[in-house]
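Have a look at the structure below, then the notes.
All of these numbers come straight from a predicted model, not from anything done at the bench. We name chains A, B, ... by the order of the sequence lines, and we start the count at 1 in each one.
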2 protein chains.
Amino acid sequence: MNQKDQVCQYKLLASRDALEVIQGKWRIPIIIALTHGTKRFGEIQRDISDISPKMLSQELKALEMNKIVKRTLHDTMPVTTEYSLTPLGESMTNLLNEILNWGIHFREEVLKRDN
Amino acid sequence: MNQKDQVCQYKLLASRDALEVIQGKWRIPIIIALTHGTKRFGEIQRDISDISPKMLSQELKALEMNKIVKRTLHDTMPVTTEYSLTPLGESMTNLLNEILNWGIHFREEVLKRDN
DNA sequence: GTAACTACTTACTCAGAGGTAACTACTATA
DNA sequence: TATAGTAGTTACCTCTGAGTAAGTAGTTAC
């Protein structure tokens, strides 16, 4: 294996770690919603209008386990739950921006021409 | 809907376009493999050692349809097929780098501590 | 008292993502 | 003649990501 191949193998490994966290229809949208500040369950649900409570609950749990999202219970009446990004979650800002930039670029280059 | 919400909605829209192209276990690894230059079917298969020919063929077709990858047939003996990135595919460089950077960061922050 | 809001959970269902194995067709080499 | 390499295709199977619908439990407003 030459050096170029080794670099390629290393990149493939690192990308898999990131993909495991990113993968799925809802994780990135949830994280994007939370980059605009702390939000409650219902607020995220309203931002991402077509997510079901089941999926939102499930994906928030997964993100919490991966230490991307922090869940805070407030002992108010009625009990409210707040979700926010952890420092690790906030470290995704650059990644999210690149996804957005490329998404816009892709839409301009391909989608508008074809459809 | 206030301005902050509008920005959030716009971001959610753009991210969905990008996610549709990126989504799946194999697309990003395939694109990363091709950032190291034009490669043949078997070479990509060797780089991504656990991909089956079926998945590789299927995902390459999808990437070709989205104009990320270009397929070139060479009339040699035996016939060889070469895959390379289109300019649109190459425009993913920043995105790929951020995925890699964050993957490395994530591994350092979470995986090493837990496991 | 009943409807609505908070934040979920549970059960059921289905499509499709992905895996395995075998097969095609052609060429080159031993 | 047989084995290996080129680049895939096809059939079949399994598992899980995601959707729907309904239920839970507490509070508040009408």
Side-chain angles (χ1 to χ4, degrees), chain A residues 1 5 12 15-34 37-66 68-85, chain B residues 12 15-34 37-66 68-85:
Chain A
M1 188 147 69
D5 285 343
L12 289 170
S15 73
R16 291 207 179 183
D17 292 336
L19 282 174
E20 258 183 47
V21 182
I22 286 172
Q23 214 58 267
K25 191 175 173 182
W26 300 115
R27 304 229 176 134
I28 294 285
I30 290 170
I31 296 167
I32 288 177
L34 290 177
T38 295
K39 282 186 176 159
R40 280 181 291 155
F41 191 89
E43 287 179 299
I44 305 173
Q45 211 182 174
R46 255 168 269 130
D47 281 346
I48 311 169
S49 53
D50 50 352
I51 194 170
S52 68
K54 181 200 130 181
M55 288 310 294
L56 181 53
S57 168
Q58 180 182 302
E59 298 302 293
L60 279 170
K61 264 181 203 154
L63 289 170
E64 206 190 335
M65 271 184 30
N66 281 324
I68 311 289
V69 160
K70 196 175 73 189
R71 186 172 183 269
T72 318
L73 271 172
H74 291 276
D75 195 10
T76 49
M77 292 291 169
V79 170
T80 52
T81 321
E82 278 191 342
Y83 295 91
S84 57
L85 294 181
Chain B
L12 288 171
S15 73
R16 292 209 177 180
D17 292 337
L19 281 174
E20 259 184 46
V21 182
I22 285 172
Q23 213 58 268
K25 191 175 174 182
W26 301 115
R27 304 228 176 134
I28 294 285
I30 290 170
I31 296 166
I32 289 176
L34 290 177
T38 295
K39 281 186 178 160
R40 279 179 291 154
F41 191 90
E43 286 179 301
I44 305 173
Q45 213 183 171
R46 255 167 270 131
D47 281 346
I48 311 169
S49 54
D50 51 351
I51 194 170
S52 68
K54 180 198 132 184
M55 289 310 295
L56 182 53
S57 168
Q58 181 182 303
E59 298 303 290
L60 279 170
K61 264 180 202 156
L63 289 170
E64 205 191 334
M65 270 183 31
N66 280 324
I68 311 288
V69 160
K70 196 175 71 186
R71 187 174 182 268
T72 319
L73 271 172
H74 292 277
D75 196 10
T76 50
M77 292 290 167
V79 171
T80 53
T81 321
E82 278 191 341
Y83 294 91
S84 57
L85 294 180

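Rounded to whole Å, the distance from CD on B:E20 to C1' on D:dG17 is 16 Å. B:Y83 has its OH atom 7 Å from the C1' atom of D:dA7, to the nearest Å. The separation between A:L19 atom CG and C:dA17 atom C1' is 15 Å, rounded to whole Å. A straight line from NE2 of A:H74 to C1' of D:dT27 spans 18 Å, rounded to a whole angstrom. Here the C1' atom of nucleotide C:dA17 and the CD1 atom of B:I22 are 17 Å apart, to the nearest Å. The CG-C1' distance, from B:L60 to C:dG18, rounds to 16 Å in whole Å. Atom CG of B:L73 and atom C1' of C:dA25 are 15 Å apart (whole Å).
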- Message: For Watson-Crick and G-U wobble pairs within 3.5 Å on both distances, what is DNA chain D written in dot-bracket notation, | included for inter-strand pairing?
- Response: ||||||||||||||||||||||||||||||
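Judged by closest nucleotide on DNA chain C, A:R71 is the one of A:R71 and A:Q23 placed further toward the 5' end.
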- Task: Decide yes or no on side-chain contact (heavy atoms from CB on, under 4.5 Å) for A:T81 and A:T72, but give the supporting numbers first.
- Result: CA-CA 6 Å; A:T81 321; A:T72 318; over 6 Å; no
- Stepwise side-chain contact (heavy atoms from CB on, under 4.5 Å) test for B:I32 and B:D47: CA-CA 10 Å; B:I32 289 176; B:D47 281 346; over 6 Å; no
- Task: Mind running side-chain contact (heavy atoms from CB on, under 4.5 Å) on B:Y83 and B:L63 for me, showing each step along the way?
- Result: CA-CA 11 Å; B:Y83 294 91; B:L63 289 170; over 6 Å; no
- Query: When you look at A:D50 and A:I48, which way does the side-chain contact (heavy atoms from CB on, under 4.5 Å) test go after all the steps?
  - Reply: CA-CA 6 Å; A:D50 50 352; A:I48 311 169; 4.1 Å; yes
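Side-chain N or O atoms of B:S15 include one that pairs as donor or acceptor with a backbone N or O of B:L12 at under 3.5 Å. A donor-acceptor pair under 3.5 Å is formed between the side chain of A:K39 and the backbone N or O of A:A33. Formation of a donor-acceptor pair under 3.5 Å by the A:Q23 side chain with backbone atoms of B:G24 is found in this model. No side-chain donor-acceptor contact under 3.5 Å links B:E20 to the backbone of B:D17.
For A:T81, whose side chain is taken as the heavy atoms from C-beta onward, the closest listed nucleotide among D:dA7, D:dA18, C:dA7 is C:dA7. Considering only the side chain of B:K61, D:dT9 comes nearest among D:dT9, C:dC8, C:dG18.
Against DNA chain D, the stretch residues 37-59 of chain B makes heavy-atom approaches under 4.0 Å through B:R40, B:F41, B:G42, B:R46, B:P53, B:K54, B:S57.
With respect to the salt-bridge test (charged N to carboxylate O, under 4.0 angstrom), the residues B:R40 and B:E82 do not qualify.
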